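Only a predicted model underlies this, so the values are computations on that prediction, with no experimental measurement involved. Computed over heavy atoms, backbone and side chain alike; hydrogens, waters and symmetry mates excluded.
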Amino acid sequence: MAATAVRDRATGPAHPVGRTAAQPAVRPAPRVPARRPSAASLAEPAWNEPRPPRAARTPRGRSRDEVGWVKAHGGAGVTSLVELLGGVEVGARWPDPSRGEPRRVVLVGRTSARGLRSVSQALGALHDGRAPQGLDLLAVVLVADAPGRLPLALLRRVRVLRSAARVQRVPWVPAWRTGGSPKALPRQFAGLAELVGSELLAEGAVS
């Protein structure tokens, strides 16, 4: 009987197969939800920034005789200008007249430092022959990125752009920020409408 007691103390209590007394139970790691990309990461890149691969798209230009609005970067304000003055929204690239896209184009950018830099890069591609042949640049349209006067450093960049192309300034339109329609448009829109051959300003009268 004593020998039996000694054997019981030596062997100890039984343990489940595959687990020892020194090893605690393994719990599954908590599942971390996948992070959604922020709005900044989804923003459209500027003219010279790399773009993610996309499926091939058909040209947006409907006619070579229509005015093509080219945005130098995302958020330039092209959509509002097209709704106001008509024409074709091309995208952040130069259209190709040989494919039936507009040959008369307007380049649009904001008056921020990033916007002016993207405009300069787009003009450089055009002047260096890195754009389709047959394009007629009507003007560079600079849309105000904020109310008030431009800082001196940005005004200097605008002067440099004026030496390379015709520049049309568009002032700040508060209604566009909230998605509304302005009751009256600044007088600068009259000259822009004449430049692109727009017969009627859809949003309102010029003040």
Which pair of non-hydrogen atoms, one from [X] and one from [Y], has the smallest distance, and what is that distance?
X	Y	value
V67	P102	C-CB, 4.2 Å
A76	G109	CB-CA, 4.0 Å
A131	L126	CB-CD1, 3.8 Å
L116	R157	CD1-CB, 3.8 Å
G87	V82	O-CG1, 3.7 Å
L107	L137	N-CD1, 4.0 Å

About how many Å separate [atom2] of [Y] and [atom1] of [X], when rounded to the nearest 0.5 Å?
X	Y	atom1	atom2	value
S198	L192	OG	CG	8.5 Å
R110	H73	CZ	NE2	7.5 Å
E101	L135	CD	CG	9.5 Å
E89	K71	CD	NZ	5.5 Å
T111	D145	OG1	CG	3.5 Å
L150	S112	CG	OG	9.5 Å

Under a 4.5 Å cut-off applied to non-hydrogen side-chain atoms, are [X] and [Y] in contact?
X	Y	result
R156	L152	yes
W176	T79	no
V106	V70	no
L195	V141	no
P174	P147	no

- prompt: With a 3.5 Å cut-off and no angle check, do the side chains of S98 and Q133 form a donor-acceptor pair?
  reply: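 No, Q133 and S98 have no side-chain donor paired with an acceptor closer than 3.5 Å.
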query: When clusters are formed by joining ILVMFWY residues with side-chain heavy atoms under 4.5 Å apart, either directly or through shared neighbours, do W172 and V108 land in the same one?
result: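 No.
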message: Walk me through whether V196 and L81 qualify under side chain to side chain contact (heavy atoms under 4.5 Å, CB included).
response: CA-CA 11 Å; V196 300; L81 292 172; over 6 Å; no
task: Check the pair E66, R103 against salt bridge (Lys or Arg N to Asp or Glu O under 4.0 Å), reporting the backbone distance first and the verdict last.
output: CA-CA 8 Å; E66 289 185 283; R103 58 181 178 80; over 6 Å; no
Steps toward side chain to side chain contact (heavy atoms under 4.5 Å, CB included) verdict (L85, W69): CA-CA 10 Å; L85 301 170; W69 297 83; 3.9 Å; yes
- request: Decide side chain to side chain contact (heavy atoms under 4.5 Å, CB included) for L161 and S120; before the verdict, give the C-alpha distance in whole Å, the side-chain angles of both, and the deciding distance to 0.1 Å.
  value: CA-CA 7 Å; L161 293 177; S120 178; 4.2 Å; yes
L142 vs V158, side chain to side chain contact (heavy atoms under 4.5 Å, CB included): CA-CA, chis, key distance, verdict: CA-CA 9 Å; L142 300 179; V158 173; 3.9 Å; yes
